[in-house]
S.K.: 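If you scroll down you'll find the structure; I have some questions about it.
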Amino acid sequence: MIEIAAGPEEVIGALPPGSRRWLERLNRMLVADAAPRGFIPRSPPRRSWQSHIIDSLAAVPLLDALLGEVSAPRIVDVGSGAGVPGIPLAIARQRWQVTLLEERRSRARLLEGFVGELAVENAQPVKGDAIRHAGGFDAAVARALAPPSEALTLCRGLVHEQGVVVLYLTCDQEAEWTGSQRPEPLGIARYRLPGLRSGRVAIAFPAGPALTD
């Protein structure tokens, strides 16, 4: 199993200045446009930067390690909401082709506006349910989508047989998710965000059959 020691702040530090400015602009849009609509919790810009931008980037080293041999990985952000983690991932790795899958119309419109205003060419908002896009992706990512076993079941249906699923969880969620519902991970990145009691993890799982309760 791959274990990632580098924190998401190190991902930020390795990005070119232009990408950092892009992320800062996205953070301002989250605070000004997404939070007032209730798509993410209201918070000051500094807290939003930690809770949404930094948190989103925690999966980058994991995806780098698992998808390094794929020239232009196709990644789907399932239930993208306000565009996190998908848009930060697309900004951090511009060779990745990121689909922002969101079935709620109001959120899908917001994603279209964000991607258009930022001109993130490798991110594409798609409105629709997951079943229409089954099997077409190298990786699926999900953050605050559903309880872990449910999120994994949904995401597994979107990736091909060699694909991976990355879930963003708190350490408490990870500890509570035990037994037959949790398969053996491919890799894990552990990290902490300021102001949060519980640590966080990004965990990668292989594609596989849908899980049952």
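Both backbone and side-chain heavy atoms feed into the values below; hydrogens, waters and symmetry mates do not. This is a predicted model, so every value here is computed, not measured.
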S.K.: Nearest 0.5 Å, please: how far is CD in Glu9 from CD in Gln50?
M.R.: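 Separation between the atoms: 6.0 Å.
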S.K.: Taking C-beta and beyond as the side chain, do Val76 and Val126 meet within less than 4.5 Å on heavy atoms?
M.R.: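 Not touching, per the 4.5 Å side-chain cut-off.
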S.K.: Heavy-atom count check: over 12 atoms from other residues, nucleotides or ligands less than 6.0 Å from Arg46 CZ?
M.R.: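 No, because the 6.0 Å sphere around CZ of Arg46 holds 12 heavy atoms or fewer from other groups.
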S.K.: Mark yes or no for whether Arg190, through its side chain, and Cys171, through its backbone, hold a donor-acceptor pair below 3.5 Å.
M.R.: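 Checking the backbone N and O of Cys171 against the side chain of Arg190, no donor-acceptor pair under 3.5 Å is found.
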S.K.: For the pair Val165 and Leu167, evaluate side-chain contact (heavy atoms from CB on, under 4.5 Å) and give the outcome as yes or no after the intermediate values.
M.R.: CA-CA 7 Å; Val165 173; Leu167 302 182; 3.9 Å; yes
S.K.: Please name the pair of heavy atoms, one in Val31 and one in Pro45, separated by the smallest distance, quoted to 0.1 Å.
M.R.: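 Smallest heavy-atom distance, with atoms named: CG2-CA, 4.0 Å.
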S.K.: Give every residue pair that meets the side-chain hydrogen bond (donor to acceptor under 3.5 Å, both in side chains) criterion with at least one member in residues 67-90, sequence neighbours excluded.
M.R.: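 Checked against side-chain hydrogen bond (donor to acceptor under 3.5 Å, both in side chains) - neighbours excluded - the pairs reaching residues 67-90 are Arg74-Asp138, Asp77-Ser80.
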S.K.: Identify whether the distance between the nearest side-chain nitrogen and carboxylate oxygen of Lys127 and Glu112 falls below 4.0 Å.
M.R.: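 Salt bridge absent between Lys127 and Glu112.
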S.K.: What residues form a side chain to side chain contact (heavy atoms under 4.5 Å, CB included) with Ala92, not counting sequence neighbours?
M.R.: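 Only Leu15, Leu57, Val60 meet the side chain to side chain contact (heavy atoms under 4.5 Å, CB included) criterion with Ala92.
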S.K.: Using 0.5 Å steps for rounding, measure from the CD1 atom of Ile91 to the CG atom of Leu23.
M.R.: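 The distance works out to 4.5 Å.
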S.K.: For the pair Ile12 and Ile54, evaluate side-chain contact (heavy atoms from CB on, under 4.5 Å) and give the outcome as yes or no after the intermediate values.
M.R.: CA-CA 8 Å; Ile12 287 276; Ile54 295 293; 3.6 Å; yes
S.K.: Take Ser198 and Gln173 through the side-chain contact (heavy atoms from CB on, under 4.5 Å) test and state the conclusion after the steps.
M.R.: CA-CA 10 Å; Ser198 177; Gln173 287 175 312; over 6 Å; no
S.K.: Give, for atom CG of Leu169 and atom CZ of Arg200, the distance between the pair rounded to the nearest 0.5 Å.
M.R.: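 Leu169 atom CG to Arg200 atom CZ measures 7.5 Å (nearest 0.5 Å).
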S.K.: Output all residues satisfying ring pair (Phe, Tyr, Trp, His ring centres under 6.0 Å) with Tyr168, sequence neighbours left out; order by chain, then residue number.
M.R.: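 Not a single residue meets the ring pair (Phe, Tyr, Trp, His ring centres under 6.0 Å) criterion with Tyr168.
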S.K.: Restricting to non-hydrogen atoms, name the atom on Tyr191 and the atom on Ala202 that form the minimum distance, rounded to 0.1 Å.
M.R.: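 Nearest pair, atom of Tyr191 first, then Ala202: CE2-N, 3.9 Å.
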S.K.: What closest approach, in Å, do Asn27 and Ser48 show between heavy atoms, and which atom pair accounts for it?
M.R.: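 Looking at all heavy atoms of both residues, the closest pair is OD1-OG, 2.7 Å.
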S.K.: Taking only residues two or more places apart in sequence, or in another chain, which ones meet Arg107 in a side chain to side chain donor-acceptor pair (under 3.5 Å)?
M.R.: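 Applying side chain to side chain donor-acceptor pair (under 3.5 Å) to Arg107 gives none.
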S.K.: Side chains of Trp22 and Gln94: does their closest heavy-atom pair fall under 4.5 Å?
M.R.: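 When only atoms from C-beta onward are counted, Gln94 and Trp22 do touch, with a gap below 4.5 Å.
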S.K.: To the nearest 0.5 Å, what is the distance between CD (Gln162) and CG (Leu66)?
M.R.: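 Separation between the atoms: 13.5 Å.
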S.K.: I need the Ile4 CD1 to Ile203 CD1 distance, nearest 0.5 Å.
M.R.: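 Reported value, rounded in 0.5 Å steps: 13.0 Å.
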S.K.: Does any part of the side chain of Val164, heavy atoms only, come nearer than 4.5 Å to the side chain of Val159, both counted from C-beta?
M.R.: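 No - every pair of side-chain heavy atoms lies 4.5 Å or more apart.
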S.K.: Only counting residues at least two apart or in another chain, list the ones meeting side chain to side chain contact (heavy atoms under 4.5 Å, CB included) with Glu24.
M.R.: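 Residues passing side chain to side chain contact (heavy atoms under 4.5 Å, CB included) with Glu24: Arg20, Arg21, Arg28, Trp49.
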S.K.: Less than 4.5 Å apart, side chain to side chain, heavy atoms only: is that true for Pro61 and Val11?
M.R.: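 Yes, at least one pair of side-chain atoms sits under 4.5 Å.
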S.K.: Looking only at heavy atoms, which two atoms of Ala65 and Ile2 are closest? And how far apart?
M.R.: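 Nearest heavy atoms, Ala65 then Ile2: CB-CD1, 3.9 Å.
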S.K.: May I ask you to check whether Phe205 and Trp177 place their ring centres under 6.0 Å from each other?
M.R.: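 When the ring centroids of Trp177 and Phe205 are compared, they turn out to be within the sub-6.0 Å range.
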S.K.: Does the Arg156 side chain pair with the main chain of Gly163, one donor and one acceptor, at a distance under 3.5 Å?
M.R.: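 No: the side chain of Arg156 does not pair with the backbone of Gly163.
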S.K.: Using every non-hydrogen atom in the two residues, find where Leu111 and Ala82 come nearest and quote the distance to one decimal.
M.R.: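 Residues Leu111 and Ala82, closest heavy atoms: CD2-C, 3.6 Å.
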S.K.: Looking at Pro147, is its backbone amide N or carbonyl O close enough to the side chain of Glu150 to form a donor-acceptor pair, meaning the two atoms are under 3.5 Å apart?
M.R.: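 Side chain of Glu150 to backbone of Pro147, a donor-acceptor pair under 3.5 Å: no, none is there.
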S.K.: List for me each residue that meets side chain to side chain contact (heavy atoms under 4.5 Å, CB included) alongside Arg42, sequence neighbours excluded, and say none if there are none.
M.R.: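 Arg42 satisfies side chain to side chain contact (heavy atoms under 4.5 Å, CB included) with Ala35, Pro36 only.
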S.K.: Rounded at 0.5 Å granularity, tell me how far CE in Met1 sits from CD1 in Ile188.
M.R.: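 Met1 atom CE to Ile188 atom CD1 measures 5.5 Å (nearest 0.5 Å).
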S.K.: Looking at side-chain heavy atoms only, is the closest gap between Ile75 and Arg93 below 4.5 Å?
M.R.: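 With C-beta onward as the side chain, the pair stays apart.
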S.K.: Answer yes or no: is there a side-chain heavy-atom contact under 4.5 Å between Leu30 and Ile53?
M.R.: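 They are in contact (side-chain heavy atoms under 4.5 Å apart), so the answer is yes.
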S.K.: Between the side chain of Asn122 and the main-chain N/O of Ala90, is any donor-acceptor distance below 3.5 Å?
M.R.: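 A pair under 3.5 Å: yes.
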S.K.: So, for Ala34 and Leu110, which heavy atoms are closest and what is the spacing to 0.1 Å?
M.R.: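 Between these two residues, the closest heavy atoms are CB-CD2, 3.9 Å.
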